[in-house]
Amino acid sequence: MGEEKLARFLLSLDRFQKQLAEFMLGRYLEFDFSGDSGEEDESETALLPQVLLDVVDGTPEVTLHHGITWMDLTRDLEPNEYRLAVTLAFTEAGITAEALVRLDLERDMGEWPAGVHTPYRRHAEGLDLDEALAFVEARVGELCRRYDDAARLGLVRR
C-alpha cells in the first residue's frame, strides 16, 4: 500500500471516528441515562469513544467503537450498554467490514427486553481498501441517522 493511500485511509477513519463521536455525544446529552431514580449518586454513566486495534485469530482488526454505558446502582448488577461499532478485518482474501448497533441490557427497557439485541448489522467481505472505505462511509452515515435506537430504550429526554 502506497504512503498516499495509507494516509487517505487513516484520515478517513479519523473523520468517521469523529462523526460517530459527535453522534453519540448528542445521544448522551439528549437522554437521561442516570437510571430510574434520577439520583446522580445512585447511578454510573460513561461515554466511551474508542479506536481499538487488535489481532483476532491472526487477523489484524481496527474497530471504531462508541458506547454509552449506564448502571442504576439500585437495580442493575452489570452495566447496560448502547454501542455503535464499525470493524475492519484485514485478511488475505481482502477486507471484511461490519457495522452494528448493539444493546446489552440488564433489564427490560422501553421496547427491549433484558438481553443482547442487534437492531442494525451490515457485513461485507473481500473488499479492497477503496471499497472498505466506501462501506464504512455509507454505514457511518446510516448509523448517525439512527436517532430512534436510544428513544426506544424508554429513556427520558433531558
Side-chain angles (χ1 to χ4, degrees), residues 1-29 31 33 44-73 76-153 155:
M1 177 185 321
E3 287 179 28
E4 185 176 309
K5 200 168 199 169
L6 178 60
R8 185 172 60 84
F9 172 75
L10 293 173
L11 290 170
S12 295
L13 286 184
D14 181 61
R15 180 170 47 93
F16 301 141
Q17 176 73 357
K18 288 175 181 170
Q19 280 180 265
L20 290 171
E22 185 176 313
F23 177 78
M24 287 301 272
L25 177 60
R27 305 294 62 74
Y28 186 76
L29 295 174
F31 292 95
F33 288 91
E44 294 180 2
T45 307
L47 180 62
L48 307 168
Q50 300 174 317
V51 176
L52 306 172
L53 303 174
D54 202 358
V55 177
V56 178
D57 297 328
T59 301
E61 292 185 355
V62 60
T63 300
L64 308 180
H65 176 275
H66 289 268
I68 298 172
T69 61
W70 69 99
M71 186 171 176
D72 183 331
L73 299 175
D76 296 330
L77 298 176
E78 297 287 331
N80 299 285
E81 183 181 35
Y82 165 38
R83 177 189 338 168
L84 307 181
V86 179
T87 300
L88 298 174
F90 298 86
T91 70
E92 289 183 20
I95 300 170
T96 299
E98 181 174 70
L100 61 83
V101 174
R102 178 181 161 149
L103 305 170
D104 190 348
L105 305 175
E106 279 295 298
R107 59 186 155 92
D108 295 351
M109 294 192 70
E111 299 176 21
W112 303 102
V116 177
H117 308 279
T118 308
Y120 173 93
R121 181 174 183 253
R122 301 292 181 271
H123 184 87
E125 296 180 5
L127 305 175
D128 65 25
L129 193 60
D130 291 331
E131 292 168 330
L133 284 177
F135 175 92
V136 173
E137 182 172 30
R139 302 303 76 82
V140 166
E142 289 173 4
L143 289 170
C144 290
R145 289 189 297 274
R146 294 189 60 85
Y147 293 100
D148 63 327
D149 290 326
R152 292 173 58 199
L153 288 168
L155 299 169

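Keep in mind that the numbers below use all heavy atoms, side chains included, and drop hydrogens, waters and symmetry copies. Quick caveat: nothing in here was measured; it's all calculated off a predicted structure.
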Show every salt bridge (Lys or Arg N to Asp or Glu O under 4.0 Å) that has at least one partner inside residues 58-70, sequence neighbours left out.
none
Cation-pi geometry met for R139 and F135 (6.0 Å, 45°):
yes
Quick check: do R145 and F23 have side-chain heavy atoms less than 4.5 Å from each other?
no
Just verifying a value: how many Å separate H66 NE2 and Y82 OH, rounded to the nearest 0.5 Å?
11.5 Å
Do any N or O atoms from the side chain of N80 and from the backbone of M71 form a donor-acceptor pair under 3.5 angstrom?
no
Between D128 and K5, is there a side-chain N and carboxylate O pair less than 4.0 Å apart?
no
Let me confirm one number: the CG-CE distance from L47 to M24, rounded to the nearest 0.5 Å.
7.0 Å
What one should report as the nearest heavy-atom pair of R107 and W70 is NH2-NE1, 4.4 Å
Is the shortest side-chain heavy-atom distance between T63 and V51 below 4.5 Å?
no
Hey, are the side chains of L155 and R27 touching, using non-hydrogen atoms and a 4.5 Å cut-off?
no
For R122, enumerate each residue passing the side chain to side chain donor-acceptor pair (under 3.5 Å) test, keeping only those at least two apart in sequence or located in another chain.
none
Just so I know, are the side chains of P119 and D149 near enough to count as touching, which here means a heavy-atom distance under 4.5 Å?
yes
Any L127 side-chain heavy atom under 4.5 Å of L88 side chain:
no
